[in-house]
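Each remark here refers to the structure printed beneath this line.
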Amino acid sequence: MPSFKTLDDVEVSGKRVLVRVDLNVPMADGQVTDATRILRILPTIGEISEKGGKVILLAHFGRPNGKINPEMSLAPVVTTLSDMIGKPVSFSTDCIGPMAEAAINPMHDGDVTLLENTRFHEGEEKNDDAFAADLAKNGDLFVSDAFSASHRAHASTEGVARHMKAVAGRTMQAELEALEAGLGEPERPVIAIVGGAKVSTKLDLLGNLVGKVDRLVIGGGMANTFLAAQGVDVGKSLCEHELGDTAREILAKAEKENCEIILPEDVVVAGEFAANAANANIPVTQCPADKMILDAGQMTVEYIISKIKTSKTLIWNGPLGAFEIEPFDIATVLVAKAAGKQTREGNLVSVGGGGDTVAALNHADASKDFTYVSTAGGAFLEWMEGKDLPGVSVLKA
Ligand code: AMP
């Protein structure tokens, strides 16, 4: 039983259903250039429409800061949306008030209408209650299908749900179920991989994970900070030397919580951050002063894979090396492929997301094999940090 309400808990037929979606899609010259986010919301829109609900879409676009900005209008999305849904989509130039009413009143059961950018109103990001009430007037029921916006307590993600019955759409549901399997009540042992550039951006995340997972792999540039904190000379590697105390505190907490920390034993070093730079695989203790660590070494990769093979759940955020430049993508690619294979064979639940992780897992051609890859950046990270997501809390059963 999910701990949140879903479309299964409500009757949508004949109702005006306000559906919060993520339409913050990449655009160029008034055209949608990547429709992945639209693809994700189709199941919810299709289901409500087929069941005879009136689908009224709420979304934000860009950062207009509470003012009308024609460059951030959602109008150009209508054509792509309508093509992908396979039926006409009408548009209202305002998300509240007489314009919205004029678009919604003539709707028939099964019709779809898109309302203009919620962030054209100051009340959206302020989560103003009067604005939330105005949004709520447009519907009989609220469905949230925008996990990626759920870490923000805004009127269209959180406030509106305090004025009406609120449930998760199918995409939100899939995301929450995957996350639940990852950190809620995961099958143990749980292994987490946290990589990327800097420790400073991931302090809360590391602090939360050491108390929850059994094994924590620290990779990428941030591993250097931990190595330096342990007295390892990391040459001219990317390293936040000033975070030495913090790194040692995290290591001490991990020991107390019985969380095994896995840092590189061997690394790939080069003289410069450049594709195909001359490189060598060396023990981590032998980094020359004029070299930088750009990837985890072969032995480390084998060790991480052996640990994945004896784990039941994997949570992954951040690459193990400078994966955008060859050959420093090797550790990330090999570990991602191994995790994908374990998942495919039914031995592992694997959840990845946040920042560059989607690009890294795609680069390794492993996303398709993962149990779930979240395209939500900030919301996924806050979930990994153990924070309450306001837009999810309002859907709690
Ligand atoms: P993040 O957005 O924090 O997940 O960081 C991702 C970035 O970390 C990528 O652009 C990688 O190139 C970078 N990165 C990973 N490992 C290293 C490393 N050893 N040295 C420098 N940059 C790295």
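Throughout, residue positions are numbered sequentially from 1 according to the sequence presented. Counting convention: from 1, in listed order, for ligands and their atoms alike.
- Among protein heavy atoms, atom 17 (C) of ligand 1 sits closest to Gly221 N, 3.2 Å.
- More than 12 heavy atoms of other residues, nucleotides or ligands lie within 6.0 Å of NZ in Lys87, so this atom counts as buried by the packing criterion.
- Defined by atom type and a distance below 3.5 Å, a donor-acceptor pair is missing between the side-chain atoms of Lys291 and Asn279.
- The shortest contact between atom 2 (O) of ligand 1 and any protein heavy atom is with Asp356 OD2, 4.0 Å.
- Inspection of the Arg215 and Thr310 side chains reveals an N or O donor paired with an N or O acceptor under 3.5 Å.
- Of all atoms in ligand 1, numbered sequentially from 1 with element shown, those under 4.0 Å from a heavy atom of Pro319 are 4 (O), 6 (C).
- Considering backbone and side-chain atoms alike, Gly318 places every N or O at 3.5 Å or more from each N or O of ligand 1.
- In this structure, Met222 falls outside the shell of residues with a heavy atom less than 4.0 angstrom from ligand 1.
- The shortest N/O to N/O separation between Leu320 and ligand 1 does not fall below 3.5 Å.
- Counted by atom type alone, Glu265 and Tyr303 present zero donor-acceptor pairs between their side chains at under 3.5 Å.
- Contact annotation: for Ile293 versus ligand 1, heavy atoms closer than 4.0 Å belong to the backbone alone.
- Between Glu124 and Ser156, the side chains place a donor N or O and an acceptor N or O closer than 3.5 Å (distance only, hydrogens not considered).
- Taking OG1 of Thr93 as the start and CE of Met99 as the end, the distance is 3.0 Å to the nearest 0.5 Å.
- Which parts of ligand 1 touch Leu238 is read off a 4.0 Å heavy-atom cut-off, strictly below it: atoms 21 (C), 22 (N).
- Any N or O atom pair closer than 3.5 Å counts here, and Ala197 shares at least one such pair with ligand 1.
- Of the N or O atoms in Lys202, one or more lie within a sub-3.5 Å distance of an N or O in ligand 1.
- Of all the atoms in ligand 1, the ones that sit under 4.0 Å from a non-hydrogen atom of Gly220 are 15 (C), 16 (N), 17 (C), 19 (N).
- Under the 4.0 Å criterion applied to side-chain N and carboxylate O atoms, Lys387 and Asp204 are assigned as salt-bridge partners.
- A donor-acceptor contact closer than 3.5 angstrom is absent between the side chains of Thr343 and Thr371.
- Geometrically, ligand 1 and Glu324 share a nitrogen or oxygen pair separated by less than 3.5 Å.
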